[in-house]
Amino acid sequence: MSTNKELAASFKDIASLLELTGADKFRVNAHARVSRVIADLAEDVAELGQDRDALLALDGVGAKAADKIQEYLETGEISERAELLEQVPSGLLEVLKIPGLGPKTVRLLWQEKEVTNLDELQKVIDDGSILELPRMGKKTVENMKKAIEFARQAGGRTPIGIAAPIADDIVAVLKKEHPKAKFEVAGSLRRGAETIGDIDILVAAKNSEDVAETFRTLPIVDQVLAAGATKSSVRLKAKDSAGATHLLQADLRVVPAESLGAALMYFTGSKHHNVRLRELALKQGLTLNEYGLFPDDEDETPPQQRGVKPVAGKTESDVYEALGVALVPPELREDRGEIEIEKKRLDNLLKLKDIKADLHAHTTASDGVMSIEQLAEVAKARGFHTIAVTDHSKSQPVANGLSPERLLKHIEAVHEADERVDGISIIAGSEVDILADGVLDYDDELLEKLDVVVASPHWALTQDPKSATTRLLKAIEHPLVHIIGHPTGRLVNRREGLSPAIPDLIAAANEHTTALEINAHWMRLDLRDVHVRAASDAGCLIAINCDAHRPDDFDNLRFGVQVARRGWLTRGLCVNAWTHKKLHSWLKSKR
DNA sequence: GCCGTTTTCGGCCCGACTGTTTTCAGTCG
C-alpha cells in the first residue's frame, strides 16, 4: 500500500476509535478530514512531510495533525492510534462499518455485551441476549442480521462501470411506467466517482407514491430497507452484462418540482461540497437545505415548513448564482477547492463531445475482436477523426503480442486500410511494454516506423516506488514515445499497481511533451482523478483512450472523461480533443 | 482538532427515516 493510503487509513482509524471512546465529534471530524486530505494528495506524503510548512498549508491540517504525520513518517506508526487500540478492540472497527450500526450502538454493544468483533456480534444476535440492550427490539436486530449478511457478501463499493448500467436500467423502467415524472441520477454516479456506494435516483412527480411503489417492487429488489413518504431505500441483487451478480443499495427520493435544483445538489453531494456551500450560505445570512436556499433566521422549524419563500431552488444554477459562485459541474464537487475555481478553467473544462480521436486500441492481430477496418468503422461512427491501432508488443505472449516481423506487416496493413477507408485517419502504432527496468519492448529502429507509440507497464507492478519512478521516467523521456498508457497499472478495487512519484512524472512529461493516459476502462481509470488534477494544474498533456478490444469498449469513454473533469482537465491539454491538424503535428514532432 | 474580510475563542450543515418511544435517539447521506 502506498504511504498516502496507509496514512489516510491511520487517520481514519483514529477518527473511528475516538468515536468509539465517545470523544468530541468535532475532534473525530477533524481526523476524518485529515484522512481525506491525505487520500486526495497526488504527491507522496513522505516527500511532502519533509516540509512542515507544506503540511500546515493543507486545508484541515493543523499543528497536531502535522506532528502525527511526521511521527508516522519517522516511526511507521502514530502513537495516538496505538494507544487508542489498547483501549478499544480493533475488531470494533469492522463492526462500525456495518450500515445501521453507528458509534453509539457499537459502544453499547462493547461495554454492555463485551462484543469486540463481528463474530461476537453474531453470537449475541443468535442467542438473543442483544435484546436486553435499551432501544434494541426485534426489528432492529432483524435489520442488523441482514446488514451483516449484506456486508459480508457485497464487499465494499461497486465500480462505476457496473453501477452505471444498472442505474440506467432502473431509470428506463421507471420512465416507462411513469412517463410524466422527471428522473435524475444523483450521488457519486453523477459525480463520476470510480466506485459507487449506492445508486441515488431523484424523481419529481405528482403521483410520487406510485413511482416509489414501482421502485420498491422492481424485480431486482432483494429487500426494502425504508419506505417513507419521500425516501425509499432498497437492496438490489442485479446481474451485469457478463452475468455476474452484484449486491448494492439504491435510494429513490421524491421531491417537489419547485425544489428539484436544491434537491439535486443535496443528493449529488459530495457531502463535503454541500457542507462548504452551506457554510458559504450562512456567511451571507442564508441557509441551504434540500428544499432551497432560504433567508436564515432564529426559528427552529425548517423554513420550508413555515411557508418561507426560498431565494432559489428550482434549478442548480439558480442556487449557485444566488450564492454568488459559478455553477460547479457534478464531477468537481469533492471539496477540492472547486468553489473558487477560475472561470476560464471552468469554461474550458473538457466535455465528452470534445473527444475526436482515440489513440489506444487493439485488433485481432493481438487480443482484440475487431479487424482494422471494423475498428475504424466503429471509431468513425463515434465521430472521431483519428483512430490508432496499437496492438500489444512481443513480451505479451498471453495477449498474442506482435513479433517485430509481424509488427512490420501489421504497419503495412494499417496504412493500406487507411488508404481504403474514407472519413477517418487510421494510424499505425503499438502498445509497447515498458519492461521492469524502463527499457521498451521494441528497438528504436522499429519504434521510429510507428505513427504513435503508447508505452505501458504490464508486469512487475509490485515494484517499489523508486524503481517504478525510474522505470516510467525512462519511458516518458524516450524521444519516440507519445503516450504513457495506464501509468500505474492499478485495477479499481483489485490491484494497487505502481506508486511512482507523480509530480516527477508530470514534470518530465511536460519537458518532453509526452502525454499521460487516462485509460477510460472502468476497471482501470488510470491515471486517477487526483493525479489528473496535479497534471492539469501543471499544464501536462493528457490522453484519454478506451483501450478498446471490442466495439462497446468505446462506451467507457464517458467514465474516462468524467475522471478528466474530476481532475479539472481543460480541452486544450487533452490530445484527443485536438483538431486533426494539431494532433498529427504533435505525433510527427516525435519522428 | 481546526479555523478566522465580524472571531486567536467559540464556534463547527441539515433534514429524513426507523424503531423504539410517550417525545426522541441514532444513523445516514
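Reminder, nothing fancy here: chain letters follow the sequence lines and each chain counts from 1. Because only heavy atoms are used, hydrogens play no part in the values below, and waters and symmetry mates are left out as well, while side chains stay in. Since the structure is predicted, the reported quantities are computational estimates derived from the model, not experimental observations.
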Q: Where the side chain of A:Lys139 is defined as all heavy atoms beyond and including C-beta, which of B:dG15, B:dC13, B:dG19 is the nearest nucleotide?
A: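 In terms of side-chain proximity for A:Lys139, the closest of B:dG15, B:dC13, B:dG19 is B:dG19.
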Q: For A:Lys113, is there an ion pair with A:Glu132 - N to carboxylate O distance below 4.0 angstrom?
A: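 Salt bridge: yes.
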Q: Using the salt bridge (charged side-chain N to carboxylate O under 4.0 Å, His left out) rule, take A:Glu290 and A:Arg253 through it: C-alpha gap first, then chi angles, then the decisive distance, then the call.
A: CA-CA 11 Å; A:Glu290 58 263 54; A:Arg253 326 267 184 149; over 6 Å; no
Q: I'd like the C1' distance from B:dC13 over to B:dT27, given in whole Å.
A: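 After rounding to an integer number of Å, I get 16 Å for this pair.
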Q: Between A:Glu334 and A:His273, is any side-chain donor less than 3.5 angstrom from a side-chain acceptor?
A: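 Distance-only check fails for A:Glu334 and A:His273.
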Q: Between A:Val34 and A:Ser232, just flag the one whose closest nucleotide in DNA chain B comes earlier from the 5' side.
A: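 The residue whose closest nucleotide sits nearer the 5' end is A:Val34.
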Q: Would you kindly give the CG-to-P distance between A:Leu133 and B:dG19, to the nearest whole Å?
A: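 Going from A:Leu133 (CG) to B:dG19 (P), I get 17 Å.
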Q: Select base, sugar-phosphate, or nothing to describe what A:Ala65 touches, counting heavy atoms under 4.0 Å on all strands.
A: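 Contact class for A:Ala65: sugar-phosphate only.
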Q: Expressed as a whole number of angstroms, how long is the span from A:Asp67:CG to B:dC2:C1'?
A: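 Rounded to the whole Å, the gap is 14 Å.
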Q: Indicate whether the side chain of A:Arg190 and that of A:Thr268 have a donor and an acceptor atom separated by less than 3.5 Å.
A: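 Side-chain D/A pair, A:Arg190 to A:Thr268: present.
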Q: Tell me the interatomic distance from A:Lys146, atom NZ, to B:dG19, atom C1', rounded to whole angstroms.
A: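 Computing the A:Lys146:NZ to B:dG19:C1' distance gives 15 Å.
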Q: So, A:Arg152 and A:Asp119, do they make that salt bridge, N to O below 4.0 Å?
A: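 Result for this pair is yes, salt bridge flagged.
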Q: In the structure shown, which nucleotide is the Watson-Crick or G-U wobble counterpart of B:dA16, with both distances under 3.5 Å?
A: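 The answer is B:dT27, by the H-bond criterion.
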Q: Say we look at B:dC2 and B:dT7: how far apart would their C1' atoms be, to the nearest angstrom?
A: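 These two C1' atoms come out 14 Å apart once rounded.
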Q: From CE of A:Met136 over to C1' of B:dG19, roughly how many Å is that when rounded to an integer?
A: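 Rounded to the whole Å, the gap is 10 Å.
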Q: Please give the distance between the P atoms of B:dA16 and B:dG11 as a whole number of Å.
A: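 Per the computed distance, 26 Å lies between those P atoms.
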Q: Considering only nitrogen or oxygen atoms on both sides, find all protein atoms under 3.5 Å from nucleotides 3-11 of chain B and state each distance.
A:
{"residue": "B:dC3", "atom": "OP1", "partner": "A:Gly60", "partner atom": "N", "Å": "2.7"}

Q: Looking only at the side chains, is there a donor atom on one of A:His178 and A:Asp210 sitting less than 3.5 Å from an acceptor on the other?
A: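 No donor-acceptor contact under 3.5 Å links the two side chains.
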Q: Ignoring hydrogens and angles, state whether a donor on the side chain of A:Thr140 or A:Asn143 is under 3.5 Å from an acceptor on the partner side chain.
A: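 The criterion, which ignores hydrogens and geometry beyond distance, is not satisfied for A:Asn143 and A:Thr140.
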Q: So which nucleotide from B:dA16, B:dT20, B:dC2 ends up closest to the side chain of A:Ala30?
A: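 So the nucleotide nearest the side chain must be B:dC2.
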Q: Stacking between A:Phe26 and B:dC12, defined as ring centres under 5.5 angstrom apart with planes under 30°, is that present or not?
A: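 A stacking contact exists, since A:Phe26 sits close and nearly parallel to the base ring of B:dC12.
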Q: Taking only side-chain nitrogens and oxygens of A:Tyr291, does any of them come within less than 4.0 Å of OP1 or OP2 of B:dA16?
A: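 Yes, because at least one side-chain N or O of A:Tyr291 sits under 4.0 Å from OP1 or OP2 of B:dA16.
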Q: Which part of the nucleic acid does A:Thr287 contact within heavy-atom distance under 4.0 Å: base, sugar-phosphate only, or nothing?
A: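 If one applies the 4.0 Å heavy-atom cut-off, A:Thr287 turns out to touch the sugar-phosphate alone, with no base involved.
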Q: How many Å lie between CE on A:Met144 and P on B:dT18, as a whole number?
A: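 About 17 Å, once rounded to whole Å.
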Q: Between the protein and nucleotides 25-29 of chain B, which nitrogen or oxygen pairs are less than 3.5 angstrom apart?
A:
{"residue": "B:dG26", "atom": "O3'", "partner": "A:Thr105", "partner atom": "OG1", "Å": "3.2"}
{"residue": "B:dT27", "atom": "OP1", "partner": "A:Gly102", "partner atom": "N", "Å": "2.7"}
{"residue": "B:dT27", "atom": "OP1", "partner": "A:Gly102", "partner atom": "O", "Å": "2.8"}
{"residue": "B:dT27", "atom": "OP1", "partner": "A:Thr105", "partner atom": "N", "Å": "3.0"}
{"residue": "B:dT27", "atom": "OP1", "partner": "A:Thr105", "partner atom": "OG1", "Å": "2.5"}
{"residue": "B:dT27", "atom": "OP2", "partner": "A:Lys104", "partner atom": "N", "Å": "3.2"}
{"residue": "B:dT27", "atom": "O5'", "partner": "A:Gly102", "partner atom": "N", "Å": "3.4"}
{"residue": "B:dC28", "atom": "OP1", "partner": "A:Gly100", "partner atom": "N", "Å": "2.6"}
{"residue": "B:dG29", "atom": "N2", "partner": "A:Tyr266", "partner atom": "OH", "Å": "2.2"}
{"residue": "B:dG29", "atom": "N3", "partner": "A:Tyr266", "partner atom": "OH", "Å": "3.0"}

Q: Could I get the full list of salt bridge (Lys or Arg N to Asp or Glu O under 4.0 Å) partners for A:Arg216, not counting sequence neighbours?
A: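 Partners of A:Arg216 under the salt bridge (Lys or Arg N to Asp or Glu O under 4.0 Å) test: A:Glu209, A:Glu213.
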Q: Does the side chain of A:Asp127 come under 3.5 Å of the side chain of A:Ser129 through a donor N or O and an acceptor N or O?
A: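 A donor-acceptor contact under 3.5 Å links the two side chains.
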Q: Using the P atom as the reference point in each nucleotide, state the distance between B:dC14 and B:dC9 in Å, no decimals.
A: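 That atom pair is separated by 26 Å.
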Q: With no hydrogens and no angle check, just 3.5 Å: does a side-chain donor-acceptor pair link A:His31 and A:Lys68?
A: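 A donor-acceptor contact under 3.5 Å links the two side chains.
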Q: Between the side chains of A:Asp537 and A:Arg345, is the shortest nitrogen-to-carboxylate-oxygen separation below 4.0 Å, so that they form an ion pair?
A: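 Between A:Asp537 and A:Arg345 there is a salt bridge, with a charged N closer than 4.0 Å to a carboxylate O.
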Q: What integer distance in Å separates A:Asp24:CG from B:dC12:P?
A: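 My rounded result for the distance is 13 Å.
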Q: For the pair made of CG in A:Leu55 and P in B:dC2, what is the distance, rounded to whole Å?
A: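 One finds 12 Å between P of B:dC2 and CG of A:Leu55, rounded.
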Q: Over all strands shown, is A:Leu277 touching base, sugar-phosphate only, or nothing at heavy-atom distances under 4.0 angstrom?
A: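 Nothing, no nucleic acid heavy atom in range.
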Q: Does A:Asn289 make a side-chain N or O approach to OP1 or OP2 of B:dG15 shorter than 4.0 Å?
A: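 Yes, such a contact exists.
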Q: Nearest-Å distance, CG (A:Leu108) to C1' (B:dT20)?
A: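 After rounding, the reported distance stands at 14 Å.
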Q: Less than 4.0 angstrom between a side-chain N/O of A:Asn29 and OP1 or OP2 of B:dG1, yes or no?
A: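 For B:dG1, OP1/OP2 do not have a side-chain N/O of A:Asn29 under 4.0 Å.
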